[in-house]
Amino acid sequence: MNATVTQDSPQTTDKFATLNIPGREPIELPILKGTMGPDVIDIRALGKQGYFTYDPGFVSTASCMSRITFIDGNKGMLLYRGYPIDQLATKTNYLQVCYLLFKGELPDKEQYLDFENRVKHHSLVHTQMESLFQAFRRDSHPMAVLCGVAGALSAFYHDRMDIYDPEHRELTAIRLISKMPTLAAMSYKYSIGQPFIYPRNDLSYAANFLHMMFATPCEKYTVNPVIERALDRIFILHADHEQNASTSSVRLAGSSGANPYACIAAGIASLWGPAHGGANEACLRMLQEIGTPDRIPEYIARAKDKNDPFRLFGFGHRVYKTFDPRAIVMRDTCHEVLNELHITNNPALKVATELEKIALSDEYFISRNLYPNVDFYSGIILNAIGIPTSMFTVIFALARTIGWISHWNEMQTVKDSRLGRPRQVYTGNPVHNVKTLRLPRH
Ligand code: CMC
């Protein structure tokens, strides 16, 4: 028995699950095995037998095979291509991680320099894109603007968009990694009425983004290396996370053969919600609203109240049933940034530290395995750096673009990829006849 999963065909084990349905022959379902993680029951034959499975939120469903990212939610483990996230966050930079996620292995020095050079030389966007921004109201949420302009890239860069050509797919990935910081910074500059600042190829990826965000034509902006490193780390920690809602949206859109820029726009839309990427913005707003530690019990009580829709943002995760490993790195980075900026009395951090303590000792949170997630600390860091709250999810989208495009790329190489088309349990009216209306004649 060969239990190694290849991308082309899932490997069966010698085990089967037997499904007994009264009045029918037992149905044998093969059990598949990945490199790591739980075994998976292959239910593909069920549809032909006249049955669907019901799994809202896909809690128990593996929608694809993937070699990119592995999560063990019980152990708090996150691996990109087999490398632990804490090692990547401390020993690599974001562009190395981009290379790793897309290509499958960390680059050597020569490969890295070539990749970095290619990314840097695609950072400008077509000048006509600038006029697209003018069509948005100044007070538009930057995520609304980013959704629109990312999708619009397909109208500008359709010269190399054969999704079956690996070179075209790689160029698309490079263009996306390179142009997303430019578009993200442009959406911010537009919202505050400042001129767009062009990218600088002599800066690192994170430093260039800070430059495009904070420089003006009148004043030089000097990048603080501690902040540059912190932002780079935030990018690494958000780069991929297996089959989350936004990545699944990209894959679903991509399954129809849609162009990659449109698929990325689908990912951005899905990321926006407060249960997903919008949680960092919601979390900081919540910490600021709580204001002082003495008000925490009031909010804990609200979070527990089933009649109140309020949830503690930055807490809980569909997959992690222990500390989110990204949150641990993020907490250390948060302290580094606040020290560097001599922020000793940050009210949001005070509330966050106290909230974490109280929630981790509260029966409600313990019994439901609700631990701080990546978004619990990222908002405090971004806020200290001077990034406005409305840009938090934009930064998440910028960082996650490499994950989305790596999954989209992988889909094109897997034989098992099919049009994504879930079924449903229909609960509407049974068949009944239309009654003809007798309408007045005109
Ligand atoms: N505050 C209070 N109660 C919660 C929370 C929370 N943040 N999260 C889950 N619960 C409760 C929930 O009410 C339910 O209780 P009960 O069993 O009594 O009905 C139980 O815990 C299980 O929750 P669930 O909604 O069934 O779990 P889920 O896997 O569908 O939800 C989640 C995961 C992330 C949507 C949810 O934990 C949440 O809404 N958290 C706050 C938003 C947030 O921080 N999201 C960022 C996720 S990490 C970044 C990313 O990957 O996008």
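Counting starts at 1 for both ligands and their atoms, following the listed order. The residues of the chain are indexed from 1 along the displayed sequence.
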Please write down residue, atom name and distance for the protein heavy atom closest to [atom].
atom	value
atom 11 (C) of ligand 1	Y364 OH, 3.6 Å
atom 45 (N) of ligand 1	A275 O, 3.1 Å
atom 1 (N) of ligand 1	L312 N, 3.1 Å
atom 20 (C) of ligand 1	R368 CD, 3.8 Å
atom 51 (O) of ligand 1	H317 NE2, 3.7 Å
atom 47 (C) of ligand 1	N373 ND2, 3.6 Å
atom 19 (O) of ligand 1	K306 NZ, 3.6 Å

Check R233 with D332, please: is the shortest side-chain N to carboxylate O separation under 4.0 Å? no
Is it the case that the side chain of [X] and the backbone of [Y] share a donor-acceptor pair, with hydrogens and angles ignored and the cut-off at 3.5 Å?
X	Y	value
R169	I163	yes
R81	L101	yes
E410	R67	yes
S256	L252	no
R160	H168	no
Y80	I236	yes
Q111	D108	yes
S249	A245	yes
S154	G151	yes

Option of least heavy-atom distance to [atom] (set: [options]):
atom	options	answer
atom 31 (O) of ligand 1	R311, H238, R400	R311
atom 49 (C) of ligand 1	N369, D375, T393	D375
atom 44 (O) of ligand 1	G277, G316, G314	G314

Heteroatom proximity flag, [X] to ligand 1, N/O under 3.5 Å:
X	answer
R318	yes
D324	no
F365	no
H276	yes
F315	yes

[X], portion touching ligand 1 at heavy-atom distance under 4.0 Å:
X	answer
A245	neither
F376	neither
L370	side chain
K304	neither

Applying a strict 4.0 Å limit to heavy atoms, is S246 in contact with ligand 1?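 So S246 does not count as touching ligand 1.
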Min heavy-atom dist N244 to ligand 1 below 4.0 Å: no
Atom 27 (O) of ligand 1 within contact range, any protein heavy atom under 4.0 Å: no
Distance flag for atom 22 (C) of ligand 1, protein heavy atom under 4.0 Å: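 False for atom 22 (C) of ligand 1.
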Which atoms from ligand 1 have a heavy atom of A279 less than 4.0 Å away? 43 (C), 44 (O), 45 (N), 46 (C)
Could you check whether atom OH of Y198 has more than 12 heavy atoms from other residues, nucleotides or ligands sitting under 6.0 Å from it? no
Scan side-chain atoms only and decide if Q412 and S417 contain a donor-acceptor pair under the 3.5 Å cut-off.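 Per modelled atom types, Q412 and S417 side chains form no pair under 3.5 Å.
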Would you please classify the geometry between the F115 ring and the Y99 ring as parallel, tilted or perpendicular, with 30° and 60° separating the classes?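 Rings of Y99 and F115: perpendicular, as their planes differ by over 60°.
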R138 side chain reached by Y190 side chain, heavy atoms, under 4.5 Å: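 Yes, close enough: below the 4.5 Å cut-off.
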